[in-house]
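By convention in this document, chain letters (A, B, ...) are assigned in the order of the sequence lines, proteins followed by strands, and residues within each chain are numbered from 1. Because only heavy atoms are used, hydrogens play no part in the values below, and waters and symmetry mates are left out as well, while side chains stay in.
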Amino acid sequence: MTLPDGALRAFAGPVSGSDIAAAIGPGLAKAAIALSVDGRLRDLATSIDHDAAVAVITREMPEGLEILRHDAAHVMAEAVKELYPETQVTFGPATETGFYYDFARTQPFTPEDLERIEARMHEIVRRDEPITREVWDREAAIAYFSDIGERYKAEYIAEIPQDEEISLYRQGDFVDLCIGPHLPSTGRLGQAFKLMNVAGAYWRGDPKNAQLQRVYGTAWAAQKDLDEYLYRLEEAERRDHRRLGRELDLFHMGEEAVGSVFWHPKGWTLFRIIESYMRRRLDAAGYQEVKAPQLLDRSLWEASGHWENFRDNMFIAESRDARVLAVKPMNCPGHVLIFRNRLRSYRELPLRLAEFGNCHRNEPSGALHGLMRVRAFTQDDAHIFCTEDQVKSESIAICRLVLSVYRDFGFDDVEIKFADRPPQRVGGDAVWDRAERDLKAAVEAAGLPFTYNPGEGAFYGPKLEFHLRDALGRQWQCGTLQLDFNMPERLGASYVGEDGGRHVPVMLHRAILGSVERFIGILIEHYAGRLPLWLAPVQIVVASITSGAAEYAAEAARACRAAGLRTGLDIGNEKIAYKVREHSLAKTPIILVVGRREQADRSVALRRLGSNDQEALALGDAVARLSQEAAAPSAT
RNA sequence: GCCGGGUUAGCACAGUGGCAGUGCAGCGGUUUUGUAAACCGAAGGUCGGGGGUUCGAAUCCCUCACCCGGCACCA
């Protein structure tokens, strides 16, 4: 046997994983839960009768944790079958943080049921039932599961390819079809798991099938990992942008406009700061801003392909003269119309048209989620009309701009995915081949690593997706770059080339923030509401200690405002401790406290959010320093 | 859209068939305060909408809307 460190170990005859672990050391024998044989995961009890590269898997290893979680799903299924024998089991895999199992049962599981199931799971772990693998004859397995009323299992076994083994795992009285591997016994699972919630899920993910009840759980190698995970969940809840949006008085959403945002003064201030930052970056990058109509005639959407491919998501309206119009779900057709409004020369290319486009998409009600998924949003959209030769340099410039913008907002960890042709699309395969080739060449030329996201391209072209990672480690798709050989032609865009002939331009669709609304949601959660100074809607509050200092406080606030700082004034008759608390909870980055002392020597006591210290400095110095600090990044 | 759970004052929540409550915020007053909650007072409700059962409904039933968690969707 070859061990991971390259060491060789010889055994007289066939050995099991337990034998190998025991041969290496008693500590490992105890920690072992499974085995990797020539790169494939096996049960510890598997007998190996040939030379192989083996590695002992422990519960702390990623592979081990996955096995443990998969076992938690089986233990849950066993508990459910014991408590509710009429329930049918279906699938129960491990997830990123735990596991789930889909059950078929007429009666819904209640939170109380979940408590009972969890208690029974702990009991099954204490029973420490051996988990054993059995290979069954296909027909016998189908007959067995049919007999005990497990129709989903029987259906599934019948579809397993003929050349594959039908392996079953037995623990106590519970037998489940499973590829494995599994722990040697239920006791090895440990008690660091918890059932989280129950939700509906379609059998095999298809809405046409029956809806099952999916019970989610989380499981970890050790109790402290579970505690940490539960703490992370609480932290995510504290950072929830819907909650912070209300607490910080940024926006609200209501029944009167489901899926749309009512921006309050502070939230809209943030929106405008972001917008003007982007305008500055776009101006510097050679874009020209435009504004296209909200409502556009049906014939345009038919020509663009939206009517055929995107109709379900579009809001339709009618004019008095009975023309059918659609509220724009995308900005591209409008920009093409601006492009082709007059004859264009190759000398104008690349022509970069940008718009903060207000788009409406009729999302299914169940998809809506705060600012993250709305029906009305603002895209920081742009379309670049260029020649095929210019695709590469334009794409590189876009990638650089995207990454630079993300850095300015505090996101350094960005992943790029390449999404190729989707099943439903316009344009022939030859065109798609060319588009995919060019886009890939461009991202490669930009020197950026990427992974694949097959079948996820736009209906008119392949795309690059920019996914950024926030402070909690969650990924969000924001930016996108799409290469489109189809729409310019469909909408009749052309330019006069060097040769005097007409040519169809290539179009690059790109967004950086994606939806400004959603990006704000991500920012709020990333910073837990404590926005950096340049983004904070209220940057400073000047708070007086006594009414005697109110005059001077007002003067200090005026000085800040004159320097362009967004400044509030609090001369109420509360104690200073109360004011500090109020403005700290409101996540104001800077509090300038002024009392008699400060008034006397024209100074301020500067207190930063998150710090308990104050710094005394002259009013003029404070204003100078803060206005420098508050400057937006990349303001060259 | 589907499954499940919710909706009580601006916010957080209690109230399971018999007089709608608590805390915070807001409002009025007192207090003039030195870095994360001073004190007193008065007010605030179509218990999500509609329908039903009942002598009586926030409470039980039906229905619609919206919200939450997933699923599906995210072009």
Trainee: Which class fits the ring pair A:Phe418 and A:Phe450: parallel under 30°, tilted 30 to 60°, perpendicular over 60°?
Mentor: tilted

Trainee: Do A:Trp220 and A:Phe193 have ring centroids that are under 6.0 Å from one another?
Mentor: no

Trainee: Rounding to an integer number of Å, can you tell me how far A:Ile571 CD1 sits from B:G34 C1'?
Mentor: 18 Å

Trainee: Which is true for A:Asn197 with a 4.0 Å heavy-atom rule: it touches a base, it touches only sugar-phosphate, or it touches nothing?
Mentor: sugar-phosphate

Trainee: I'd like to check A:Leu609 versus A:Ile590 (side-chain heavy atoms, cut-off strictly below 4.5 Å). Are they in contact?
Mentor: no

Trainee: In terms of ring plane angle, is the pair A:Tyr100 and A:Tyr216 parallel, tilted or perpendicular, where the classes change at 30° and 60°?
Mentor: tilted

Trainee: Hey, can you tell me if A:Phe385 and A:Phe339 have their rings parallel, tilted or perpendicular (30° and 60° cut-offs)?
Mentor: parallel

Trainee: Determine whether the aromatic ring centres of A:His526 and A:Phe411 lie less than 6.0 Å apart.
Mentor: yes

Trainee: In residues 369-381 of chain A, which ones come under 4.0 Å of RNA chain B, going by heavy atoms?
Mentor: A:His369, A:Arg373

Trainee: Would you call the rings of A:Phe103 and A:Tyr101 parallel, tilted or perpendicular, where under 30° means parallel and over 60° means perpendicular?
Mentor: parallel

Trainee: Could you tell me how far apart A:Arg204 (CZ) and B:C71 (C1') are, to the nearest whole angstrom?
Mentor: 17 Å

Trainee: Determine the interplanar angle of the A:Tyr84 and A:Phe109 rings, folded into 0 to 90°, and report it as parallel if under 30°, tilted if 30 to 60°, perpendicular if over 60°.
Mentor: perpendicular

Trainee: Starting from P on B:A72, measure out to CG on A:Asp312 and report it in whole angstrom.
Mentor: 18 Å

Trainee: Please report the distance, rounded to the nearest Å, between CD in A:Glu255 and P in B:C68.
Mentor: 12 Å

Trainee: Expressed as a whole number of angstroms, how long is the span from A:Arg238:CZ to B:A12:P?
Mentor: 17 Å

Trainee: Check every atom of B:C67, B:C68, B:U32 against the side chain of A:Arg596 and return the nucleotide holding the closest atom.
Mentor: B:U32

Trainee: May I ask you to check whether A:Asn331 and A:Asp381 show a side-chain donor-acceptor distance below 3.5 Å?
Mentor: yes

Trainee: Considering heavy-atom distances to RNA chain B, does A:Arg214 or A:Phe310 have its closest nucleotide positioned more toward the 5' end?
Mentor: A:Arg214

Trainee: Going 5' to 3' through nucleotides 36-43 of chain B, assign each nucleotide B (protein heavy atom under 4.0 Å from a base atom), S (under 4.0 Å only from sugar-phosphate atoms) or - (no protein heavy atom that close).
Mentor: BBB-----

Trainee: Here's a test of your reading of the structure: between A:Gly548 and A:Tyr216, which maps to the more 5' nucleotide of RNA chain B?
Mentor: A:Gly548

Trainee: Would you mind classifying the nucleic acid contact of A:Arg242 as base, sugar-phosphate or nothing, using non-hydrogen atoms under 4.0 angstrom?
Mentor: sugar-phosphate

Trainee: Please determine if A:Arg214 forms a cation-pi arrangement with A:Phe99, meaning its NZ or CZ atom is less than 6.0 Å from the six-membered ring centre and no more than 45° off the ring axis.
Mentor: no

Trainee: Using a heavy-atom cut-off of 4.0 Å across all strands, would you classify A:Pro364 as base, sugar-phosphate, or nothing?
Mentor: base

Trainee: Strictly by Watson-Crick or wobble contacts shorter than 3.5 Å, is anything paired with B:U7, and which nucleotide is it?
Mentor: B:A65

Trainee: Across the strands shown, which category fits A:Ala605 at heavy-atom distances under 4.0 angstrom: base, sugar-phosphate, nothing?
Mentor: base

Trainee: Nearest-Å distance, CD (A:Glu456) to C1' (B:C73)?
Mentor: 11 Å

Trainee: For nucleotides 2-5 of chain B, list the nitrogen or oxygen atoms of the protein found under 3.5 Å from its nitrogen or oxygen atoms, one pair per line.
Mentor:
from	atom 1	to	atom 2	distance (Å)
B:C2	O2'	A:Gln211	OE1	2.2
B:C2	O2	A:Gln211	NE2	3.0
B:C3	O4'	A:Gln211	OE1	2.4
B:C3	O2	A:Gly200	N	3.3

Trainee: What nucleic acid atoms does A:Met253 come within less than 4.0 Å of, heavy atoms only: base, sugar-phosphate, or nothing?
Mentor: nothing

Trainee: Counting any heavy atom closer than 4.0 Å, what does A:Gly254 reach on the DNA or RNA strands: base, sugar-phosphate only, or nothing?
Mentor: nothing

Trainee: Using a heavy-atom cut-off of 4.0 Å across all strands, would you classify A:Gln482 as base, sugar-phosphate, or nothing?
Mentor: nothing

Trainee: Which part of the nucleic acid, if any, lies within reach of A:Lys463 when heavy atoms closer than 4.0 Å are counted: base, sugar-phosphate only, or nothing?
Mentor: sugar-phosphate

Trainee: Does the plane of the ring in A:Phe91 sit parallel, tilted or perpendicular to the ring in A:Tyr156? Use 30° and 60° as the thresholds.
Mentor: perpendicular

Trainee: If only side-chain N and O atoms of A:Arg243 are considered, is one of them under 4.0 Å from the OP1 or OP2 phosphate oxygen of B:A12?
Mentor: no

